[in-house]
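Down below is the structure, laid out as structure tokens.
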Number of protein chains: 2
Amino acid sequence: MIKKTDKLYRNEERGTAMNKRLPKYMVLKNELLGWIESGRLSPGSQVPSENEIAERFSLSRQTVRQAFSELERQGLLERVQGKGTFVRSLNLREETVQPKTIGIVTTYISDYIFPHIVRGAEAELRSRGYRLLLASTDNDKEKEMECLRLMLSEPLSGLIIEPTKSAEGNPNLPFYLSMQSRNLPFLMINERYRELEVPCLKVDDELGGLTAVRRLVERGHRRIAGFFKTDDLQGVNRLRGFMHAHREARMPLAPEHVVTYATAQKSELPVLRARELLASPNRPTAFVAYNDELAVPLINAARELGLSVPGDLSVVGFDDSALALASGVPLTTLTHPKEEMGREAARRLIAMIEGGSAGGSPPDGDVLYVPEWIERSSAAAPSARE
Amino acid sequence: MIKKTDKLYRNEERGTAMNKRLPKYMVLKNELLGWIESGRLSPGSQVPSENEIAERFSLSRQTVRQAFSELERQGLLERVQGKGTFVRSLNLREETVQPKTIGIVTTYISDYIFPHIVRGAEAELRSRGYRLLLASTDNDKEKEMECLRLMLSEPLSGLIIEPTKSAEGNPNLPFYLSMQSRNLPFLMINERYRELEVPCLKVDDELGGLTAVRRLVERGHRRIAGFFKTDDLQGVNRLRGFMHAHREARMPLAPEHVVTYATAQKSELPVLRARELLASPNRPTAFVAYNDELAVPLINAARELGLSVPGDLSVVGFDDSALALASGVPLTTLTHPKEEMGREAARRLIAMIEGGSAGGSPPDGDVLYVPEWIERSSAAAPSARE
DNA sequence: ACATCTCATTTGTACGTACAAGCATACTAA
DNA sequence: TTAGTATGCTTGTACGTACAAATGAGATGT
């Protein structure tokens, strides 16, 4: 495709005297510029390697490097170690700087599984040369708005968002719509606002609730109580699976065996209800807890009442968190991908950013993780006397 | 005027192996940046010639040229053939906007107490209108450099840093020095690199070690074993307090009762040693653990050997983490301010930024938190038969 | 089938040499 | 005196070598 004889030489022959004799690297620069402008090298395509150019033009590699690096500085080329040199696409050339910063908004930074999600995303982003902006909403929709406003106050490449109280409405919809119309890529983790069509990475919570009950039923449990937080969709879905499994097993489900609560009540109400249930004549033989964070106090409550876990009561948690192993009774629980989810969210967001298709080229780009049962010591068959 | 011995050299001598990550021309760039921003090279003045720099730093002229040309590209230098290289005047490179973004670099994002520190800082920063950039080093000095480089790739108002393996050397010193000379405010939390004079917020770890032993002695313990991580200064200081308390109480300290380990060994070695100690004829009646994270497996190890906690063995942790309550035996431990430390770090950094006195107007701006004893259930008097 | 390893290719770093070209100063010759 | 020259500095251009580090593809082992 590319001719062997080149203008480079004609130039030298011709202009020696009058033309001040352009330096070779300058001549090469002009030559390459011509290639790009003429379309001989299209945007995004790979430029012949330094060695190849050097040989073809009978230059040393250092001279070629000088030409390349000036073109890189001007934003026309992009060099990647180990891969090669590429013509930067036109639209990228117009922006002076690419922000290379992405934001994550989660409900809680410090607690439970969220640090692990952030960690996974951070590692992936750092390795790809992106910086991570972090903000937390404390599960408060007003703060969510604050966070979004602050994040968007400076240029940003993309956003990863964990919705706040996803089961309720979404007062910050205008923000998200404006992001969509601005072609700012973003995606959601754990859950999505129903009003928005954006890619989402989540655990199949309904399947999780289903699995928890199925496994307990297999072990012989017939009276199972469930404790679910219902102001986010994760809890709602786990509860849905919990009930589904009861229907499936044709087991009656007493209304008092379903305990729902809101985030604000999480430290009091479920434990209170648990005590009542455990003191009742026909007490449940197993608890399904919304997550490990709740499973631990439920276990402690049971033990305070003189019941042994799992001897007298089986308890199943969710999320396979650090608490599962730290707890007195190692928790039987269902997995949450945590770090992997963070990593994958980062990967997909970067693909959206760099692929240019901000809207979401994968139309159904959701990822649904299957929660896996982790057998530890907090669940067993109900004791004989039950 | 300019000294013959140079930081560049000190650095090379010290960190030959680990410092190889930072290319020489980058080191030189940072060095020159320092010269310029510190006023050692005033605007308009002539920079030593390429050959002179090359000789002084024992570099080849080509390498010096690489550094110079990058600085020229950034608009800091101006080169004139035949005359020399000059520092461009300040007004040509004034900063346009105040970034209002600060960075935090910690060892681990996801584990243990670090999320709480980040959380505290995030809350404070958000309320003051700052954005938070987060990066983690995984306790790896090379990643620390990566993080710093990435963070500094765009304008930043300030940095909060938790040192990586603070007990060992600091190969990234050039970065920190260049930050200081560029008047970029930063401070350290938990520990400080000995080589740097920067404000630092930390817990009085020595006092913590001292207190732990004192309280155990008050309860009648005479044989106390301590487990400390010694690749960061926190562990070293806690150990120091541990030994100090023994001297103070005129209690002999058997060498095998001091177990030290590195981060890489944390999941195996201490528990192994604990089992040995507990199986020995004259076993200790109390353990002081480097932190709660270690206290939990120590307790579990004891219980696996049929010992009750605190009946047969008292265990004291550090940091009052979430694990302290989740554990089977609620941990007696010493506090770590966590969120408060994060908040205060953010407050002080903002004061440094907005007060303009980047160097640190509070000459001795350190904050030393006193760890407080939290009485729970893992420590008691030794049993009578001991 | 899947992870792991090896290997060739690419750019990055670092050193070396040599000479050209621009600039300032000192010196020389008309 | 004055113009021109010589000299010695500077940066610029150009070539060369060598090895390091990242990447991706093909081979290999389990």
Side-chain angles (χ1 to χ4, degrees), chain A residues 8-9 11-12 15-17 19-32 45-73 76-88 126-129 354, chain B residues 8-9 11-12 16-32 41 44-73 76-88 142-143 145-146 149-150 174:
Chain A
L8 203 69
Y9 282 69
N11 219 313
E12 265 190 9
T16 330
N19 213 5
K20 270 288 192 180
R21 215 194 107 238
L22 271 175
K24 293 186 184 178
Y25 77 95
M26 286 283 235
V27 177
L28 177 58
K29 254 181 75 176
N30 289 334
E31 183 66 21
L32 290 168
S45 67
Q46 182 163 10
V47 179
S49 80
E50 293 175 354
N51 282 317
E52 198 179 332
I53 294 277
E55 196 181 356
R56 188 181 309 159
F57 289 92
S58 300
L59 297 171
S60 91
R61 191 184 146 218
Q62 301 314 312
T63 306
V64 178
R65 279 183 70 73
Q66 189 166 6
F68 274 32
S69 66
E70 293 213 357
L71 287 168
E72 186 185 31
R73 180 176 25 175
L76 287 149
L77 295 183
E78 183 179 6
R79 300 200 278 181
V80 184
Q81 186 172 22
K83 286 181 74 176
T85 306
F86 304 85
V87 181
R88 283 185 65 174
R126 179 157 39 75
S127 77
R128 305 285 218 95
E354 296 184 349
Chain B
L8 206 67
Y9 279 67
N11 221 310
E12 267 189 7
T16 330
M18 32 193 201
N19 202 16
K20 266 295 181 251
R21 292 287 168 274
L22 194 60
K24 294 186 181 180
Y25 76 93
M26 286 281 248
V27 177
L28 178 58
K29 253 182 74 176
N30 287 331
E31 183 66 19
L32 290 169
L41 285 173
S45 66
Q46 183 164 8
V47 179
S49 79
E50 292 174 353
N51 280 317
E52 196 181 333
I53 295 277
E55 196 182 352
R56 186 180 312 158
F57 290 94
S58 298
L59 298 171
S60 89
R61 190 182 148 220
Q62 301 313 312
T63 307
V64 178
R65 281 184 67 74
Q66 191 166 1
F68 274 35
S69 66
E70 291 210 0
L71 288 168
E72 185 185 30
R73 176 162 51 93
L76 287 147
L77 295 184
E78 185 178 4
R79 299 200 279 180
V80 184
Q81 186 176 133
K83 288 182 72 176
T85 306
F86 304 85
V87 181
R88 284 183 62 171
E142 281 188 30
K143 284 196 185 155
M145 192 189 58
E146 257 182 47
R149 186 141 54 170
L150 198 57

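All values below were derived from every heavy atom in this structure, side-chain atoms included, with hydrogens, water molecules and symmetry-related copies excluded. All figures in this text were calculated on a predicted structure; none of them were measured in a lab. The chains referred to below are lettered A, B, ... by the order of the sequence lines, with proteins before strands, and numbering in each begins at 1.
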Between [options], which nucleotide has the shortest distance from any of its atoms to the side chain of [X]?
{"X": "A:R65", "options": "D:dT11, D:dT13, C:dT11", "result": "C:dT11"}
{"X": "A:L59", "options": "D:dC15, C:dG16, C:dT11", "result": "D:dC15"}
{"X": "A:S49", "options": "D:dC15, C:dT11, C:dT13", "result": "C:dT11"}
{"X": "B:R79", "options": "D:dC15, C:dC15, D:dT11", "result": "D:dT11"}
{"X": "B:K83", "options": "C:dC23, C:dG12, D:dG24", "result": "C:dC23"}
{"X": "B:Q81", "options": "C:dA21, C:dA14, D:dT10", "result": "C:dA21"}

* Are OP1 or OP2 of C:dT10 and a side-chain N or O of A:T85 less than 4.0 angstrom apart? ->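 Indeed not, no polar side-chain atom of A:T85 lies that close.
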| query | Between D:dA14 and A:Q66, is there an OP1 or OP2 to side-chain N/O distance shorter than 4.0 Å? | reply |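 Checking A:Q66 against D:dA14: no side-chain N or O falls below 4.0 Å of OP1 or OP2.
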(message) B:T63: which residues meet the side-chain hydrogen bond (donor to acceptor under 3.5 Å, both in side chains) condition with it, sequence neighbours left out?
(response)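 Testing B:T63 for side-chain hydrogen bond (donor to acceptor under 3.5 Å, both in side chains), a comparison that skips the adjacent residues, returns B:S60.
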Excluding sequence neighbours, so at least two apart, what forms side-chain hydrogen bond (donor to acceptor under 3.5 Å, both in side chains) with A:S45?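 None.
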Look for any protein N or O under 3.5 Å of an N or O in nucleotides 4-7 of chain D and output each such pair with its distance, or none.
none

Roughly how many Å is it from [atom1] in [X] to [atom2] in [N], rounded to a whole number?
{"X": "B:L28", "N": "C:dC15", "atom1": "CG", "atom2": "P", "answer": "10 Å"}
{"X": "A:N51", "N": "D:dC15", "atom1": "CG", "atom2": "C1'", "answer": "14 Å"}
{"X": "A:F86", "N": "C:dT10", "atom1": "CZ", "atom2": "P", "answer": "11 Å"}
{"X": "B:E50", "N": "D:dT13", "atom1": "CD", "atom2": "C1'", "answer": "12 Å"}
{"X": "B:E52", "N": "D:dG8", "atom1": "CD", "atom2": "P", "answer": "18 Å"}
{"X": "B:E78", "N": "D:dG12", "atom1": "CD", "atom2": "C1'", "answer": "16 Å"}
{"X": "B:M26", "N": "D:dA21", "atom1": "CE", "atom2": "C1'", "answer": "15 Å"}
{"X": "B:I53", "N": "D:dT10", "atom1": "CD1", "atom2": "C1'", "answer": "14 Å"}

As an exercise, state the distance from CG of B:L32 to CG of B:L77, rounded to the nearest 0.5 Å.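 CG of B:L77 is found 7.0 Å from CG of B:L32.
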Open item on the list: Tell me whether A:Q46 at atom CD has more than 12 heavy atoms from other residues, nucleotides or ligands lying less than 6.0 Å away.
Closed with: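 Atom CD in A:Q46 is packed in, count exceeds 12.
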>> What's B:F68 touching, base or sugar-phosphate or nothing? Going by heavy atoms closer than 4.0 Å.
In response: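 B:F68: no heavy atom of the nucleic acid under 4.0 Å.
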What pairs with [X] under side chain to side chain contact (heavy atoms under 4.5 Å, CB included), at least two apart in sequence or on another chain?
{"X": "B:E52", "value": "B:P48, B:S49, B:R56"}
{"X": "A:R73", "value": "A:E70, B:R73"}
{"X": "A:E50", "value": "A:R61, A:V64, A:R65, A:F68, A:R79"}

Taking the nucleotide of DNA chain D with the nearest heavy atom to each, does A:R61 or B:V80 sit closer to the 5' end?
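With A:R61 and B:V80 compared, the 5'-side residue is B:V80.
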Report yes if some heavy atom in the side chain of B:L59 is under 4.5 Å from a heavy atom in the side chain of B:I53; otherwise report no.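 The answer is no; the side chains never approach within 4.5 Å.
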**Report entry** 5'-most by nearest nucleotide on DNA chain C - B:T63 or A:G84
**Finding:**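 Closest to the 5' end, via its nearest nucleotide, is A:G84.
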*Any N or O donor-acceptor pair linking the side chain of B:Q62 to the base of C:dT17 at under 3.5 Å?*
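Such a pair exists between side chain and base.
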